[in-house]
Every structure is written in C-alpha cells, then in structure tokens.
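Working notes, structure below.
Letters A, B, ... are given to chains in the order of the sequence lines, protein chains preceding strands, and every chain is numbered from 1. Any value given below was found using the heavy atoms of this structure, including those in side chains, with hydrogens, waters and symmetry copies removed.
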Amino acid sequence: MGPVLAGVLQMLALTGALALVHKPLGTCLAKVYSSDEHWRVERWIYKGIGVDPGTRMRWPAYLRGVLAFSAAGVLFLYLLQRTQGVLPLSLGFRAVDPDQAFNTAVSFVTNTNWQSYYGEQTMGHLVQTAGLAVQNFTSAAVGMAVAVALVRGFARSRTGELGNFWVDLVRGTVRVLVPLATLGAVMLAACGVIQNFSGIHEVGQFTGGPQQWNGGAVASQEAIKLLGTNGGGYFNANSAHPFENPTPFTNLFQIFLILVIPFSLPRTFGVMVGSVRQGYAILATMAALWVAFVALMMWTEFSHRGPAFEIAGGALEGKEVRFGVGASSIFAVSTTMTSTGAVDSFHSSFTGLGGGIAMLGMMLGEIAPGGVGSGLYGMLVMAVTAVFIAGLMVGRTPEYLGKKIGTREIKLAACHLLVTPALVLVLTACAMALPTPVNSTTGGGAHGFSEILYAYTSGANNNGSAFAGLDADTGWFNTTIGLAMLLGRFLPMVFVLALAGSLAAQRPVPVTAGTLRTDKPLFSGLLVGAVLIIAGLTYFPALALGPLAEGLAA
Amino acid sequence: MTAHPDDQGNPMSTITPARTPQHDLPTGHRPSARRVGGGLFDPAQLVRSLPDAFRKLDPRVQIRTPVMFVVWVGSVLTTVLSLMDPGDRFGWTVSAWLWLTVLFANLAEAVAEGRGKAQAGTLRRTRTGTVARRLRADGSEERVPGTALGIGDLVVCESGDVIPGDGDVVEGVASVDESAITGESAPVIRESGGDRSAVTGGTKVLSDRIVIRITTRPGETFIDRMIDLVEGAARQKTPNEIALNILLASLTVVFLLVCATLPPFADHAGSPLTLTVLVALLVCLIPTTIGALLSAIGIAGMDRLVQRNVLAVSGRAVEAAGDVSTLLLDKTGTITLGNRQAAGFVPVSGSTEAEVAQAAQLSSLADETPEGRSVVALAKERYGLPERHRDELAGAAWIAFTARTRMSGVDAGGRRVRKGAAASVLAWVEEQGGETAQDAKAIADRIAGAGGTPLLVAVRDERGARVLGAVHLKDVVKDGMRARFEELRRMGIRTVMITGDNPLTAQAVAREAGVDDYLAEATPEDKMALIKREQAGGRLVAMTGDGTNDAPALAQADVGVAMNTGTSAAKEAGNMVDLDSDPTKLIEIVEIGKQLLITRGALTTFSLANDVAKYFAIIPALFAAAHPGLDRLNIMNLSSPDSAILSAVIFNALIIVVLVPLALRGVRYRPVSADRMLRRNLAIYGLGGLVAPFAGIKIIDLLISLVPGL
C-alpha cells in the first residue's frame, strides 16, 4: 500500500468515525445544556463554590462569571508555578521564572497551551496534574459555555437571559469532558501510552551518551489535551513523543479526539435552535474547509520533489516515520484548524506551502471546526457577517435564525473579527521592527519571518502549536504572546456574549419565501467563501512574505 | 356611494380617490412594463455635477464617509510626497488617480443629488411670494404674506388664488389644481368636512371660494418638506446604511492594519516600501467602490420613489418597505374596481331571464349610481335590449334611487317597476298587496352566499305585485391582480384584503383575487388590532389609507402610505404620501425598498471580491524582486511593478464611474424567491467581482505599457 493511499484511507476512516459519532454526541450535548436537573455531585460543587444554580444571568453577569473564573485560574496557575520549588511532587524542579509562569498560566487558561518550556524539564507532577491538567478541563468547558450562551441567544426571544455560567461550566466538565476523557485515557493507556508517577530515569542513547526520561500521568492528560483542543503536551515533543503517541492507531485516535467535540457542536446548535438543518449548514461549512485543507496539505507534502523526498514518498523530514506523510498531514491540519496545537510532526519542517496551509488554518480564526466551543461561536459570528452582506442581496434587512442583524449586531461581529488580525499583525510587526526578537529565529529570511508570524498567529488564535525553531522563552515573547493569548481569548468572548444578549432580547422574524435560507448548501458555500476571503485578504501580504515566498521559491 | 343592503353598518370608508386611478390599470396587463428599475441616467449629468463634485473635496464633507476620508488623506499624503520629489512621475500619477478616486465618489453623490435639485427648483417657484387673505375675527379680510401665517389662522381663497399654506377646508367647495405637486393637470375637488378637506400650500384654486384653516407653520409645509426631501437635505442615514457603514469602517481598519504592519515585514524581506506604494495598496484594498457609491445609492432610492410620485418622509421608511412581510390592501379601488357591477339576472319560477333583464333595465334608468348604470349596461350587452332613455316614456314617473328608500323604478301607465335592496323591494311588494315569493328570498340568499350582492326586481301590473327575479351584483377584481399577489407570495409577502363587506362577500372576492387572507366587516379598531397582531409576530406591515379614521393605523404600520387626496391627519400619520393616490402603488414601493437593499449588498460584495485580483497585481509587484518565487503569483503577467500598481489604482478609480449608472438605477429586481435572488446576485456580483478586475487590470496595464516613460 502506497503512502498516499494509506493517508487517504486514514482520512476516510476518520471521517466515517466522526460522521457516526457527531449525531449522538451533539444531541447529548444539547440535552446536557438544556436539562433542568442537577446531579448530586454538581450540587456539591455549587455549594462548595457558593453559587446558586437557579440564577439566570444576562450577558454582563455571564461575562463576569467567565472573566472572574478565568482570572482566578491564571492567578492560581501562576502561583503554583512560582512556588513549585517548595511544593511536593516537584521532581526537584525549581520555581518557574515570572515571565514564563505568566505565559504558561495564561496559555493554559486560554485553552491555547502554547509552551515556551520543556515539559519534562520544567514542570513536576503536581503542576502538570493539579494545575495544567485541571485547566485543560475547565478552559475547554468555558469555551463550550460561551458557545452555548450564544446559541441560546439565537434560540431564545424577548429575554436577556443566557443561562447560568457556573451551571454550564460544571456540566460541561462533569457530564461531558470528564467521562469522555476517562474513556479516551483508558483507550490510550490500553494502546501503550504511559500512565504512572515514576521519577526520572537515565537511559543510554543509541548514539551514545545518557538521556533523562521521566514518567507521569500521561494518558490521562493526553486524552483531555486532545479532547479539549488544548494541545499542551506532557513532553516537549508533544504527540510526536512515543510515550504520548506510540502507534499509528493512537495517532489516528488522537486526531479523532481532537475533532470529535468541535464537529459535534453544530449538531448541538441545530438541536438547540430547533432546526438540525441549520446545524448541518454550519457543519458542512466546517467540514468542507477541513477536508479541503487536508487535501491541500497532503498534496503539497506528497508532491514535494527532490531525491530524498522521492525515496521517502514525500516531505518526511521532521515527521515521524511511524506515522508517515499522510497521517502527519491530517494531524497538522486538524490541530491547527481546531486551536489544539498538539503536534505529531514539526510544522517548521513542512514544505513552505504546507507551513502556509497550517498558518492559514489558524488565520481563518480557528473556526473550521475550531476549538471546543470557540470554533462554534467563531463560525456563528462569521455566519452573522456573511448573512449581513448576503442578506442585503435578497432585499431585506439581514436576519439569521429569525434575528435581525442590525447596527448593534454588526458592530459586535465586526469587533470580534478585528481582534485577532490586529493582535497578530501588530505584534508581528513590532517583533520584526525591534532589533532583538528576530534573534530568536533559526535562520533568517522568509522562514525566520514565518516562525514569528506563526508564533503570534498561534497565540492570538489560541492554537498553541509552534513553528518549532523559534526560541520563544525570552522576556519579549513570553510577555507579548501571553498578551496575545489573553486578549485573543477574552476580547472575542466579550463581543460574543454581548451579541448573544442582544440576539436573545429580539423578537424573532418569521421565515417567509423572502427570507435568506441559511440551512441550504448555497449558504454553506457562501460562508466558506466569506471565511476564505476575509482571512485571505487580511493575511495575504504576510503569507506572501513568509510561507509563499518560501514555497514558491523552488 | 350606493348604499346597498350589505353596506349597512360599514363605517370603514372605501377609498374614493378624487381622481379614479385609471392609469394604474394597464400596468396590471403588462407586468414587464412595471419592473422596478430603469431610472434615467444621462451622461451629461456627470459634466453638470462636476462643480459640486469639486466642492465636496472639503475634508469636512469627506469625513462623513470614513472610507473616502481615508482615500482623501492618502491623496494629500502622496501629493505632499510628490511635491518633495517633483521628478517622481510614478508618484505624481498615483496622486492624480487617488484624487480622481475621491472626485469620482463625489461625482456619484453629486449626480444623485442633482436630479433631486432640479425637482426642488420647480417646487420652490410655486412657494415664493404668495399673499394670503387672512380673515380677522370680525370677518373682515387682511392681506398678509404667506410666510406670516400661523397655525389656526383662517384664510380665504377664491378662483385664481394660490393657497398660501397647508390646511383644511372649513367652508365651501372648490376645484383645485394640484399639478404643482402631483404633476397631474386634472383638477380635484376639495370640500369642507369629510375626507377631502385637506389642501396643500402652493396649489391653485380654480373655481369657487373656500375658507381654509391653516394647520402647518410656514417653512414646515408639505411643499417645504418635499423640497428638503428631494434635495436630500433631510437625508439621514438609514439603519441598514449605518450598519453597512460600520462593516465598511471595520474592513477599512483591517486594511489599515495590513498596510501599516507591512513595512517591517518588507524591510525584513529586503525590499523596503515607499509611502506612496503603501497608500496605493491601502486605497486599492479598502472598500472604495461601495464607500463611494453608498450615499448615491440611498439618494437614488429615494429619487426612484419621487419619480413614481411617492414622497417618503424618511429613508428609514423606504428601507422598511423592503422588509415588509404583510401588505394590508383595501378591497375597493385597490383589488377591485371602485364599484360592484351587475353580473347576471336570475328569474324566479314563472318569469324569464329576459323579463327580469327588461324590468331591471327600465327600473335602473333612474339609478345614477355606478351599480345602476352597470345594470343598464349588462341588459344591453348580454340581452341585446335596445338602449332606452327616460324621455322615451312620456308621462312616466321616475323614482330615483335614494339612500333612504334604497330603490329606484318607474311608474308608467298601470305598470310599476322597482329594483333595489332585497328587504326594500320585498317590503314594497307586500305594501302593494302582492305575495312574497319564497323563491325570491332563496335566490337572494344564494347570491349573497356566493359573495355577491342581490338586488330584487319587482313589478306591479294587472297580474298584481310580484318579484320577477334578482340582479346579481359582483365586485370586479382588477385585471392582473391575481398574478401580482402570486408574485408577492413568491417574495414572501402575505396580502390581507381589508373590506367593510360581510364575510361571505369578502371571502368570495378574496378567493377570486387570490389574496392570502381577508378582514371582513373591518372597523378601524379591527384594522389596528390586525396590524398589532402581525407586528407581535415579528412581521412588518404596510398599508395605505386616506381617511382620518385611518390615521392611527397608518401611524402604527411600519410603512403607511397616505393618499394625497386624503385628510391631513392621514398624511401626517403615514410615513409616505402617494401623490397619485393610487393604492396599488404599495407593491411598487415594496419593490423599490428591496431594490435599494439589494443594490447596497451587491456592490459591497463586488467591492470585496475585487480585492483578490488587486492583491495578485500588487503583491508580486512589490516583492518579486526580493522573493523571485512570488513572480509566479503575477498570473496576469503585468508588464512592470509600477504599471501593476498603477493599473490597480486606475481600475479602482474607474470602476466607480462605471458603476455610477448601476448605483443610480439600482440592481435589476425581479419578484422571485430569496434563494433564486441570492444565487443570481452572488453569481453576478460575487463571481463577477472576482473575475472582472483581472480583465480590467490587465487591459489597463496593456494601455499603460504603451505610454512612454512610465
């Protein structure tokens, strides 16, 4: 079996599995967020944190909940790292430096999981398990909560209430992420991913010389790393490390875990707004973009010419031999288009165009299918924008799901769309204009530029993957990428929740023959076009000077 | 009005235009002729509007459109740079074309405004220098200038006088020439009381004497408002326009960021950029096409209404018209011809159809109502009865139709013939000693059951008094209405017929006309309740009205079109006035509203799609020197970097002028479903917008490469 065929078959298997699972999971998620019952363990939690699960929140209250919870998370994680030296289970690692601790705390709370540290050389068991792993759950649950709040904005009418943040947060964790992550962890452990609390082992290398290996609760952290589109690896090599991702099957299973919730949420959206077809239109848009990007990535990676590539069957440098070009391409596209950021190969070593595809995948705004929750709300905001332009073309005030897209709505959607481009472009420009940041790159020229562009794109879009090669553990990068992650995560949430509040207050407009149908293939096509054009127009010059210049040079 | 039995207890006046809107009839026959669009565009207007376009270069004017203000600032910047380096021909050329871009945008707006200004000039002439004859409290007259009048003043107008201000007739009847505002030369009747009491300042009394109570302050009269509207002085941005402006402004910010952050990237690549090139890139990327044409589109939309003799109080109302999903249409005058007409004669057993026809004809000669005349006409057409005149029967006593007796007829010799409302005729037969045939009642009920109005025909002769039969009166639905409602349905608009008729009649007419719903025996309160119900369901409602009792409903409706013949209360309450007083025009107003929005959306899409080609022209031109691989993006194979950038800038400027006619005329609109409309417009303006600039830039590049020295 040739490597191309293997890649295509893996893609088909993956698509088939997702097609099977998205329906029951999506419906189940809708039930979780619509149910009136509280589980006993949930009641204990509410009592423990002192909130009344019966409170109905308008958007400012909901937002306050999101921000307060996240701020507490950042602070806790920061202090945990700063005091690591005096805490147990530290494996003897000292406290993390302030700038790196800030960067890491923000990174995990914002669901980015950008890592400017070497996991196995910096974080002990306690920080990894009680700090980082916990945020892997809660940051994903926060994303889902905000997405559900926006969906409620569409589904509800003449009310400002979007639900209760604490209930959504706890349910997302207790009813969705913990059970699924447990299943995933058992599955991964069964397939050879390690799960222990062992210390550091010194082993000899083939090439001579000793190497240090440490164990850890890897399988459990691995499952939520992928399921919650977090991406922060236990080890620096992330999913390329054999302890994290030992076999081609675990590799495929990991991609499945990355995609399963983001591709199920459109169904949840459809069920909650009372029209599964609306959900399918969103799903089709996401799926079309994802499949197209995978196809493009495989094409560039397989068709890369040169004697070494011919023998390997494609651009294999920086990829794991046990996965091959095809599986690495699927992983790379899936991880960049979902704000996961886990890697099973080094994006820096992809072909110039391949690196560009990975970057463009993030630049779309992490919406196809995007991060857990954040993908859905990002895509819905994009849909609002597309509806606004297209809706005018059918001669009516634009409306989406019966809600009019007026001045306030378009203002919020426009602000949402402005945040990440502004962060990426301005911070990259500052880094390029200043004398020192460029020194962090490996090799100058177009590739060096790509490394910096990739870093800010990854940070601001809360992806977390890196164009390996950039030494990001500097005061400048720790701070600016930290800011990019923080603003790139929470500013859009402000606009999304405000939008949700304004939609929920509206009276729905009935659907007539004069209404733009948003549950048809035509609309999905339009949305794909809008997503590509908006991202393309924003980043074309930057991409031209980085990956395109490199990729077209041959 | 004829008061036939079923009309009793019907305070809802049917619309009675002073002038029957005959001219709207042919439009129903020729659907192709009334498609919205086809505003006039005369290239000479471009030249005439040039001075205005230059005046608008003032930054205080420019700042109102953020997109064009950015271009303006860019033009100033490149001009200053060129002044500092006068030998830079490329810099001068770019500056010149940037200024032209701003100028073309101004021109588009100036042309749109120019058309209104011409109309305003005509109107203004009617207003100047009127002298009012004001009545003092003691009844004597004083002559004061029209501008000195206040609300509540009484003024006298006699034949030849120009009415000095808006008001209501409180005394007398006069024929008035309203051609100054309606463009229609046939005079209309204005009289005190009732629904035809409103007069408009600037119109001329042709005969008789009326006393008018002034209802509007000078400067706020109808004509003043009209002048403001057509001139665009009163133009405020509409909600959709504001929303679109926000989107355009944020896109502009995105592109500002793209261009502002590019220099460090370019420096790193080893191909530093000049400010002139950056400005050129920025101007090409920001949505100048739609930014330049946006206000022209809005002005032209209002203008299209004015051309159809409709005045909208605000652009907001025009926009709302596009969103309307329920149309309330009065039955009479809108859906049906003004009056019921005889459709057949039904004999009782023992008499023949011909007998009924003859008796009906004879008894209707004294009935001057349209219904009566239609009986005579039907008898002649269908039964070939010779036309008869009243003077043929010497010594006959004619009994004319009155609202009280509700009968007409004739007594000639020993024969008495009567025709009229069923109850009245039955009472007459009884009074004349005849027997009431059950048959007659059954026929009357059957006709009523079918939605018609029965008139009974009775005779008293040597055989005694008896009912001969019945006349079947029917509403006649205007030609082409069914097809129009079908179109409206395809556009997703529900039509509701409003009528004072009983439910049976209403249902029959509704079925025949093909409306979606009807409101029978409608009182003003019912109408109001219906509007509120529709609005509670999230639907926007449009209606027409002319009477004072329509005013609350007109105010409540999202689009309320008052007839110009109506009362000033109605005109005040509505947000549009139809000078032709043609209720059918509501449908066209909806189409104009939709067309306005479509034009904006289409040009926005076009403008955005254009950027793709501009990138493919400019990016390789800027960076192919540093990264030779990027020359593979130069798919248009443009001759030189300078020429590529210039071509994009020139295309960007010229496309504005090319699209001015489209902006003024509006995108072609056809009443089809939203899906089909979207597919069509996406294909034309989306795909077209992607492809067109590739061709355009290439052609311009070819031409530029012929110019020596560039």
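- With salt bridges taken as basic N to acidic carboxylate O contacts below 4.0 Å, one links B/Glu486 and B/Arg489.
- Here the side chain of A/Arg408 pairs no donor or acceptor atom with the backbone of A/Ser502 at under 3.5 angstrom.
- At most 12 non-hydrogen atoms from other residues, nucleotides or ligands lie less than 6.0 angstrom from CH2 of A/Trp299.
- Comparing A/Thr512, A/Thr385, A/Ile533 by heavy-atom pairs within less than 4.5 Å of chain B, the highest count is held by A/Thr512.
- Contacts between A/Thr428 and chain B at a heavy-atom distance below 4.5 Å involve backbone atoms as well as side-chain atoms.
- Of the two parts of A/Pro541, the backbone and the side chain both hold a non-hydrogen atom closer than 4.5 Å to a non-hydrogen atom of chain B.
- Heavy-atom pairs under 4.5 Å with chain B were tallied for A/Leu522, A/Val509, A/Leu516; the largest tally goes to A/Leu522.
- A/His447 and A/Ser348 are linked by a side-chain donor-acceptor pair at a separation below 3.5 angstrom, with hydrogens and angles left out of the test.
- Of the two parts of B/Phe623, only the side chain, counted from C-beta on, holds a non-hydrogen atom closer than 4.5 Å to a non-hydrogen atom of chain A.
- In terms of non-hydrogen atom pairs under 4.5 Å with chain B, the most contact-rich of A/Cys415, A/Pro508, A/Ala513, A/Gly536 is A/Ala513.
- Neither the backbone nor the side chain of B/Asp267 comes within contact range of chain A; no heavy atom of the residue lies under 4.5 Å from a heavy atom of that chain.
- A donor-acceptor pair under 3.5 Å links the side-chain atoms of B/His268 to the main chain of A/Gly445, judged by distance alone.
- Ranked by heavy-atom pairs shorter than 4.5 Å toward chain A, the options B/Leu251, B/Leu633, B/Leu608, B/Leu603 are led by B/Leu633.
- In terms of modelled atom types and a separation under 3.5 Å, the side chain of B/Lys614 and the main chain of B/Ala648 share no donor-acceptor contact.
- Of the listed residues A/Pro421, A/Ala433, A/Pro510, A/Ala414, the one with more heavy-atom pairs under 4.5 angstrom with chain B than any other is A/Pro510.
- Note: A/Ala429 leads A/Ala429, A/Gly402, A/Gly525, A/Cys430 in heavy-atom pairs under 4.5 Å with chain B.
- Within the 4.5 angstrom heavy-atom criterion, only backbone atoms of A/Thr515 (N, CA, C, O) approach chain B.
- Of the two parts of A/Leu548, the backbone and the side chain both hold a non-hydrogen atom closer than 4.5 Å to a non-hydrogen atom of chain B.
- Neither the backbone nor the side chain of B/Leu622 comes within contact range of chain A; no heavy atoms are under 4.5 Å apart.
- For chain A, the option among B/Leu678, B/Leu257, B/Leu285, B/Ile619 with the highest count of heavy-atom pairs below 4.5 Å is B/Leu678.
- Proximity of B/Ile246 to A/Thr407: side-chain heavy atoms (C-beta onward) are separated by under 4.5 Å at one or more points.
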Checklist line | Evaluation steps, salt bridge (charged side-chain N to carboxylate O under 4.0 Å, His left out), between B/Glu319 and B/Arg600 | finding: CA-CA 11 Å; B/Glu319 217 165 62; B/Arg600 278 194 205 133; 2.7 Å; yes
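- For A/Phe388, the part lying near chain B is the side chain, with the backbone staying farther off; criterion is any non-hydrogen pair under 4.5 Å.
- Contact check on B/Glu534 versus B/Arg494 returns a salt bridge, with a Lys/Arg side-chain nitrogen under 4.0 Å from an Asp/Glu carboxylate oxygen.
- Of the two parts of B/Arg490, only the backbone, made up of N, CA, C and O, holds a non-hydrogen atom closer than 4.5 Å to a non-hydrogen atom of chain A.
- Highest contact tally toward chain A, considering only B/Leu690, B/Asp323, B/Ile618, is held by B/Asp323 [criterion: heavy-atom pairs under 4.5 Å].
- Of the listed residues (A/Met393, A/Glu399, A/Gln506, A/Lys411), the one with the most heavy-atom contacts under 4.5 Å to chain B is A/Met393.
- Put simply, the residue from A/Leu537, A/Leu527, A/Leu289 that forms a side chain to side chain contact (heavy atoms under 4.5 Å, CB included) with A/Leu532 is A/Leu289.
- Of the two parts of A/Val511, neither the backbone nor the side chain holds a non-hydrogen atom closer than 4.5 Å to a non-hydrogen atom of chain B.
- Between chain A and the options B/Ile242, B/Thr604, B/Val254, heavy-atom pairs under 4.5 Å are most frequent for B/Val254.
- Exactly one of B/Met491, B/Arg680, B/Arg679, B/Met677 qualifies for a side chain to side chain contact (heavy atoms under 4.5 Å, CB included) with B/Val672. That residue is B/Met677.
- Atom CZ of A/Arg507 sits in a crowded spot, with more than 12 heavy atoms from other residues, nucleotides or ligands closer than 6.0 Å.
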